[in-house]
Amino acid sequence: MYKPGIPQGTRDFSAETVQKRNYILQTIKNVFELFGFQPLETPAMENLETLMGKYGEEGDKLIFKILNNGLSDPKNIDKAKAGFEKLLEGRNTVELTERALKYDLTIPFARYVAMNYGQLTFPFKRYQVQPVWRADRPQKGRYREFTQCDADVVGSTSLINEIELVNIYHTVFTKLGLAQYELKINSRKILAALAEISGGIDKMTDITIAIDKIDKIGIDKVKEELKQRRILEEHIVTIEKYLHIDGTNEDKLKAVTNLFQNNETAKNGIDELNFILTHSKNINLSIDFTLARGLNYYTGTILEAKAPAHVKMGSIGGGGRYDDLTGLFAVPGIAGVGISFGVDRIYDVLEELKLFPQDLQLSTKVLFFNMGKDESLAALPLMQALRHSGISCELYHEPVKMDKQFKYADKKNIPFIIIYGSNEIATNEVVIKNLKTGHQQNIALKNLPSFLFN
RNA sequence: GUAAUCGUAGCUCAGUUGGUUAGAGUAUCAGAUUGUGAUUCUGAGGGUCGGGGGUUCGAGCCCCCUCGGUUACCCCA
């Protein structure tokens, strides 16, 4: 017999989990809307062509591909075999797979903007909350199916957008009780400038990948890795100077200005960071020149949100500016900036810090005991009346001994039970019992809704 | 893709250098109790010890393979 199971890295969510997740999602959505963003949803799957090559070489490997239908149809068999041969050579092949599960929300969004360019009002501000899939090995804080919450503004190069997005992070994390969050900021322009003075712009990816790891592996290992990536010794010295920049945000800006002298690219990035910081007071925003972010399409500001330092969890959000996202889809010149929240990780953090509100797990408010066939039928209109007043209630499904019915109420965390048996029917009353206090009383039917409201 | 580690009742776990019929707690069901629960007492059901192969007189335990979970690397939210 088939033993039931779910795919690696996916999860079922029980009632309690769903309620907690909804609390996070609702908080984020409300904030997005407060800032003037509007919702968008795109399909779970995209044409593979849309996704391939957008996330780097590693990213391509982690895209879940969907097998074409009808491969075994006799008229397709030759094509399928040819496709499989190509696959064995490590090449991608439309003969076998033309569609894939989406890997993030940004690229599908870019695809949407490119397709609907003429109809949209710019700047276009959208938020999107949907699951995405990655064929990664699961581990702590990493799943194969997880939910992303993105907000992007496209069609505007104004740095006001960055400031607003920083404010969104602040507002959401504060509302969730994560006031100790850390928000790190850097600019790809500064990283580009670093590459320019360290062997050329084509070294940028090598340099950023290496320095991004400094938190984990330390400066010495980073230098080693830079060496392996064929960065010259003299340039590694420069990079080390850059990595040693420390102090307050002001200190860092001064130091980096010194380091880059008259480099035009760096100057741009520094001015931008300065502007954003100046107008983001009272926010835990700090410059981190080691912040790089893997995604290739970022060109300006980059952001990363981390859980409070004592929680061992990677980033719980990230984002950045891209100059030409839709250029990939033949609509050049649309700049944008966006951020993302990692709900699944935020969930784990809130769980660890016990920050979920107590009153989330509200179930049924009232359980009607089943006191027999006629009595239970008499309870039905009574329940309808309560529901009309917005009070959730249910009837125990069978006339079994009260012991069992009490236990059911306990387990489902139902605060009140009502006994509406033959005695009560005769006097137009119910017995209502508060299971927390154990206190019970008789109440006239007509007073029941108002009693339950208090 | 690489590595470590775990897998015994619905759940959490014991299980001696390899030795009779694999245990406990909890949950479930029944009874003490046919209109008043969370406590208590009595009893019952529940297992291919993840799966397959091997060593042995004998394997939950040792060896090999495999599947699944967890964690780390790579990469990432």
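Naming convention: chains lettered A, B, ... in sequence-line order (proteins, then strands); numbering from 1 in each chain.
Residue A:Q441 qualifies as enclosed at atom CD: its count of foreign heavy atoms under 6.0 Å is above 12. No more than 12 heavy atoms of other residues, nucleotides or ligands shown are found within 6.0 angstrom of CD on A:Q180.
OP1 and OP2 of B:rA77 both lie 4.0 Å or more from every side-chain N or O belonging to A:K306. Checking the phosphate oxygens (OP1, OP2) of B:rC29, a side-chain nitrogen or oxygen of A:K404 falls inside 4.0 Å. Contact check, A:Q139 against B:rA72: a side-chain N or O comes under 4.0 Å of OP1 or OP2.
Evaluation of atom-type donor-acceptor distances gives a pair under 3.5 Å for the side chain of A:R345 against the base of B:rC76. At a cut-off of 3.5 angstrom, the base of B:rU36 holds at least one donor-acceptor pair with the side chain of A:Q440. For A:K433 against B:rU36, a side-chain N or O and a base N or O form a donor-acceptor pair under 3.5 Å. At a cut-off of 3.5 angstrom, the base of B:rC76 holds no donor-acceptor pair with the side chain of A:R134.
Comparing A:N423 and A:T437 by the nucleotide of RNA chain B that holds the closest heavy atom to each, the one mapping nearer the 5' end is A:N423. Each of A:L435 and A:K411 has a nearest nucleotide on RNA chain B; the 5'-most of these lies closest to A:K411.
Across B:rU33, B:rU71, B:rC75, the shortest atom-to-atom separation from the side chain of A:K140 is found for B:rU71. The A:Q148 side chain lies nearest to B:rA77 when the options are B:rA38, B:rA3, B:rA77.
A stacking contact between A:F406 and B:rA38 is absent: the pair does not combine a ring-centre distance of less than 5.5 Å to the base's six-membered ring with planes differing by less than 30°.
Among the protein residues, A:G59 comes within range of no part of the nucleic acid, since none of its heavy atoms lies under 4.0 Å from any strand. Residue contacts for A:Y143: at a heavy-atom cut-off of 4.0 Å it reaches a base atom on one of the strands shown. Residue A:E424 is classed as a base contact, given a heavy-atom separation below 4.0 Å to a base. Across all strands shown, A:Q8 has heavy atoms under 4.0 Å from sugar-phosphate atoms exclusively, and none from any base. Heavy atoms of A:S315 sit under 4.0 angstrom from primed sugar atoms or phosphate atoms, though from no base atom. Heavy atoms of A:I419 sit under 4.0 angstrom from at least one base atom. Within the 4.0 angstrom heavy-atom criterion, base atoms lie near A:D136. At a threshold of 4.0 angstrom between heavy atoms, the contacts of A:S422 include nucleobase atoms, whether or not backbone atoms are also involved.
Taking each heavy atom of A:N68 and A:E95 in turn, the nearest pair found is ND2-O, 3.3 Å.
Using modelled atom types and a 3.5 Å distance limit, the side chains of A:E394 and A:Y408 yield a donor-acceptor pair. Checked by atom type, the side-chain pair A:T147/A:R21 shows a donor-acceptor distance below 3.5 Å.
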(request) Toss me the dot-bracket line for RNA chain B: Watson-Crick and G-U wobble, both under 3.5 Å, 5' to 3', using | for pairs to another strand and [ ] for crossers. (result) (((((((..((((.....[...)))).(((((.......))))).....(((((..]....))))))))))))....
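Ion pairing between A:R321 and A:E272 fails under the 4.0 Å rule for side-chain N and carboxylate O. With salt bridges taken as basic N to acidic carboxylate O contacts below 4.0 Å, none links A:R142 and A:D344.
The distance between the ring centers of A:Y169 and A:F341 falls below 6.0 angstrom.
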